[in-house]
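To keep things clear, I will list the structure first and then write my remarks on it.
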Amino acid sequence: MSAKAQSLLWIAQRASAALLALCVIVHLVTIIYAVQGGLSAAEIFGRTRGNVTWFTFYSIFVLAVAVHAPIGLRSVFIEWLGWRGRSRDAALVAFAALLVWMGMRAVFAVFA
Amino acid sequence: MTGMAPMKYLSIAVSASLLGLSGVLLPAWAAEKFECKSPENVEVAETIKPLIEKAKLCKGLRRKVDAGIECIGCGVCYSACDVVAWNPDYLGPAALNRAWTLIKDERDGATIERLRAVAGDAGCHACHTHMSCTERCPMGLAPTAGISGLKRAVLGSVLRGEL
């Protein structure tokens with residue numbers, strides 16, 4: 001992998017981290033609001049189902065996680081396991097796909 | 001004046017200003033030579049004037065790396081670094097600090113090549129900002145700050161499409 005590609009991975013990780021910082025704050029405030037207000041599961045679904053804003057927000061959240069986590073894991077693999085090459089990259093792409101699948105499954109569960 | 005004399009005075013003037021002899025850009029004996037207003041001397045004086053101005057400018061820009069150039073090459077930072085232990089390809093704080101001092105030098109003509117050499121898994125992006133190098137440096141330098149500077153410089157050059 002070229003120095004430019006490695007630099008782009010670093011940039012993607014930092015950009016997704018900035019996005020995640022915002023998403024996590026909104027997510028935590030939402031959880032605390034729901035708990036404090038004593039909202040039931042049915043009431044929460046009533047607000048999220050068909051709501052495009054929440055769907056868009058949580059989709060961005062999931063995608064940011066799917067970009068951020070595998071790049072961090074890549075460094076862990078290099079430093080702890082000395083794992084390099086195509087097999088490592090394939091495993092990371094598979095992990096990213098797993099995060100997208102699990103995350104979007106949850107997003108669709110509260111949207112649809 | 002011989003044919004080599006202008007070059008000699010020119011190099012003295014540039015060296016003097018680069019060495020930070022602010023206010024005394026030329027040694028007294030050299031300045032006396034320039035007081036002689038022969039056409040040749042005037043020509044030399046006109047030639048070195050922009051170079052001295054550039055040298056002064058360089059000195060201002062170099063403040064960012066003034067601390068970095070005090071590295072004595074002891075290697076304590078390299079020994080103290082966790083990433084060096086984990087990643088055998090990692091260049092280490094000393095080399096990256098040196099690259100930073102060169103990249104921030106206005107006169108350096110190989111910035112992109114240097115950035116290409118220090119970017120990526122074996123370079124500045126492997127740094128975890130543990131700051132062990134900065135904590136252990138016997139000269140009180142901050143290689144971590146230089147490595148962060150390299151990350152910013154690489155980011156800029158990638159966004160400009162130079163890398």
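Everything numeric here is computed off the predicted structure, so don't read it as measured data.
- Residue contact with chain A, scored on non-hydrogen atoms closer than 4.5 Å, involves the side chain of B/Asp89 exclusively.
- Linking Ile, Leu, Val, Met, Phe, Trp and Tyr whenever their side-chain heavy atoms come within less than 4.5 Å leaves A/Ile44 and A/Val110 in two separate clusters.
- Cluster membership check: A/Val62 does not share its hydrophobic cluster with A/Ile60, using side-chain heavy-atom separations under 4.5 Å among Ile, Leu, Val, Met, Phe, Trp and Tyr.
- With values rounded to the nearest 0.5 angstrom, B/His125 atom NE2 is found 11.5 Å from A/Ile71 atom CD1.
- Heavy atoms of B/Val118 lying under 4.5 Å from chain A are absent altogether.
- With a 4.5 angstrom heavy-atom cutoff, A/Leu9 does not touch chain B via any of its atoms.
- Under the 4.5 Å side-chain contact rule for hydrophobic residues, B/Val83 and B/Trp100 share a cluster.
- One hydrophobic cluster, built from ILVMFWY side chains closer than 4.5 Å, cannot hold both A/Val65 and A/Ile25; they sit in different ones.
- Summarising the geometry, atom OG belonging to A/Ser7 is positioned 5.5 Å from atom CG belonging to B/Leu163; distances are rounded to the nearest 0.5 Å.
- Using a 4.5 Å cut-off between non-hydrogen atoms, the part of residues 72-103 of chain A that approaches chain B consists of A/Arg74, A/Ile78, A/Glu79, A/Arg84.
- Under the 4.5 Å side-chain heavy-atom criterion for Ile, Leu, Val, Met, Phe, Trp and Tyr, B/Val76 and B/Leu96 are members of distinct hydrophobic clusters.
- Rounding to the nearest 0.5 Å gives a distance of 3.5 Å between CD of A/Gln6 and CG of B/Asp121.
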